[in-house]
Amino acid sequence: MSEDKELSFSDAIKKASSSFTRFPLIPVKGIPLMNHITNNYDAVAAFCPDPSDLLIATYPKAGTTWTQEIVDLLLHNGDAEICKRAPIPVRSPFLEICSPPPIPSGLDLLKKTDPPRIIKTHLPFQLVPTGFWENKCKVIYVARNAKDNLVSYFHFDQMNLTQPDPGPWEGYIHKFMRGELAWGSWYDHVKGYWKEQEKRNILYLFYEDMKANPRREVERIMRYLDLSLSDDVISRIVELTSFKKMKENPMANYTFIPHPVFDQSISAFMRKGEVGDWKNYFTPEQSAEFDEDYEKKMKNVNIPFRTQL
Ligand code: A3P
């Protein structure tokens with residue numbers, strides 16, 4: 001085994017840090033993705049999951065990490081220690097991620113992990129490897145209302161020094177509305193999975209529901225995974241996956257991704273974890289413009305998003 005393969009995930013990132021920059025976006029079938037991901041996309045598209053693998057799909061900043069942690073705990077009967085065995089991207093590999101070596105790509109990590117695996121993706125429905133559908137893998141999709149999703153992504157793009165510079169807030173709103181951010185249009189993303197949910201047996205969840213009633217949503221995930229855990233274990237999982245607990249958890253809070261990749265002095269990965277934070281950023285004029293555009297883009301579907309609880 002080479003020296004690089006023995007590096008821990010965090011050490012590999014530290015070693016590669018001099019080659020980090022804000023990477024450009026290059027489209028795959030019209031979807032802007034970071035150039036390393038685009039260059040590796042053919043290998044990702046050819047990935048063949050095991051039928052026991054689970055896919056957690058989200059638009060960036062919709063509650064991916066939260067859901068990954070819930071699922072890992074559900075699969076390990078709420079055992080907090082086992083779920084601290086490794087940082088979340090090792091426990092639940094990010095399918096398409098590809099960064100400068102020696103950082104292992106998502107596919108590298110998947111090769112080293114035995115099924116059933118908890119696989120994360122931000123790919124829109126049409127870019128998900130067809131093997132997931134051919135093998136009838138379970139898929140959990142988590143959607144978050146557009147305005148809070150945008151605010152969260154704006155902060156993330158400031159602190160994640162590998163994503164394109166978000167620039168000022170005003171311009172960022174328009175980039176979001178035009179679908180120019182990494183992983184493309186939020187509108188198409190949430191609609192793409194929504195339209196396929198019945199045919200593909202996708203469990204479609206909302207961040208706002210998870211905030212409003214975490215226990216009910218944890219139980220929904222549990223049933224979808226054909227698990228039956230005791231009430232005590234469910235209560236423990238709800239507690240362990242509260243925002244406060246996850247913010248303190250070094251295996252979930254992304255402090256394992258060192259500066260200069262994630263600069264959490266700019267904005268914490270576990271930033272606020274709230275519904276309705278958008279009201280602190282959108283002016284009334286921006287909100288009205290955003291809503292008008294939203295109505296046009298979402299008029300053909302009725303996805304019950306909530307922008308406040
Ligand atoms: P904010 O930036 O609004 O705080 P992702 O994991 O998809 O990147 O999403 C990150 C967003 O989910 C961040 O939102 C983060 O704070 C929030 N989040 C992470 N864990 C959470 C939890 N346990 N409860 C509520 N929100 C959580």
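The shown structure was predicted, so the numbers you read here are calculated from the model rather than taken from an experiment. Order of appearance sets the numbers: ligands from 1, and atoms from 1 within every ligand.
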Exercise. What residue and heavy atom of the protein are closest to atom 1 (P) of ligand 1, and at what distance?
Worked result: S152 OG, 3.4 Å

Problem set entry | Salt-bridge contact K245-E239 (side-chain N to carboxylate O under 4.0 Å) | yes

Exercise. Thinking salt bridges, do E217 and R220 make one under a 4.0 Å N-O criterion?
Worked result: yes

Exercise. Which residue and non-hydrogen atom of the protein lie closest to atom 15 (C) of ligand 1, and at what distance in Å?
Worked result: F269 O, 3.8 Å

Exercise. Are H36 and Y41 close enough that a side-chain donor and a side-chain acceptor fall under 3.5 Å?
Worked result: no

Exercise. Taking both backbone and side-chain atoms of G273, is any N or O found less than 3.5 Å from an N or O belonging to ligand 1?
Worked result: yes

Exercise. Considering only protein heavy atoms, which is closest to atom 7 (O) of ligand 1, and at what distance to one decimal place?
Worked result: T64 OG1, 2.4 Å

Exercise. Relative to each other, are the rings of H155 and Y281 parallel, tilted or perpendicular (30° and 60° limits)?
Worked result: perpendicular

Exercise. Between D148 and K279, is there a salt bridge with N-O shorter than 4.0 Å?
Worked result: no

Exercise. With a 4.0 Å heavy-atom cut-off (strictly under), which part of M246 contacts ligand 1: side chain, backbone, both or neither?
Worked result: side chain

Problem set entry | Quiz item: cation-pi between K61 and F269, 6.0 Å / 45° | yes

Exercise. Distance only, no hydrogens: is a donor on one side chain within 3.5 Å (strictly under) of an acceptor on the other, for W183 and E96?
Worked result: yes

Problem set entry | Distance from atom 23 (N) of ligand 1 to nearest protein heavy atom, with residue and atom | T241 O, 2.9 Å

Exercise. So which bit of A252 gets within less than 4.0 Å of ligand 1, heavy atoms only: side chain, backbone, both or neither?
Worked result: neither

Exercise. Atom 6 (O) of ligand 1: which protein heavy atom is closest, and how many Å away?
Worked result: T65 OG1, 2.5 Å

Exercise. Nearest heavy atom to atom 14 (O) of ligand 1: which of K211, K61, R144, Q68 does it belong to?
Worked result: R144

Exercise. Does a side chain donor of either K147 or S287 reach within less than 3.5 Å of an acceptor in the other side chain?
Worked result: yes

For this session: Answer yes or no for Y207: is there a heavy-atom contact with ligand 1 below 4.0 Å?
Result: yes

Exercise. Touching ligand 1 at all, M210? Heavy atoms, strictly under 4.0 Å?
Worked result: no

Exercise. Taking both backbone and side-chain atoms of K272, is any N or O found less than 3.5 Å from an N or O belonging to ligand 1?
Worked result: yes

For this session: Determine, for K299 against E295, whether the closest basic-nitrogen to carboxylate-oxygen distance falls under 4.0 angstrom.
Result: no

Seminar exercise, completed: Taking only non-hydrogen atoms of S242 and a 4.0 Å limit, the atoms of ligand 1 in range are 23 (N)

Exercise. Of all the heavy atoms in M270, does at least one lie under 4.0 Å from an atom in ligand 1?
Worked result: yes

For this session: May I ask you to check whether D148 has an N/O atom sitting below 3.5 Å from an N/O atom of ligand 1?
Result: no

Problem set entry | Mutual orientation of the aromatic rings belonging to F305 and W186 [parallel < 30°, tilted 30-60°, perpendicular > 60°] | tilted

Exercise. Does some non-hydrogen atom of D277 fall short of 4.0 Å from ligand 1?
Worked result: no

Seminar exercise, completed: Quick look: K120 vs ligand 1, heavy-atom contacts under 4.0 Å, and the answer is neither

Exercise. Is the shortest distance from a Lys or Arg side-chain nitrogen in K297 or D293 to a carboxylate oxygen in the other one below 4.0 Å?
Worked result: yes

For this session: Give the atoms of ligand 1, by number and element, whose distance to some non-hydrogen atom of A62 is under 4.0 Å.
Result: 7 (O), 9 (O)

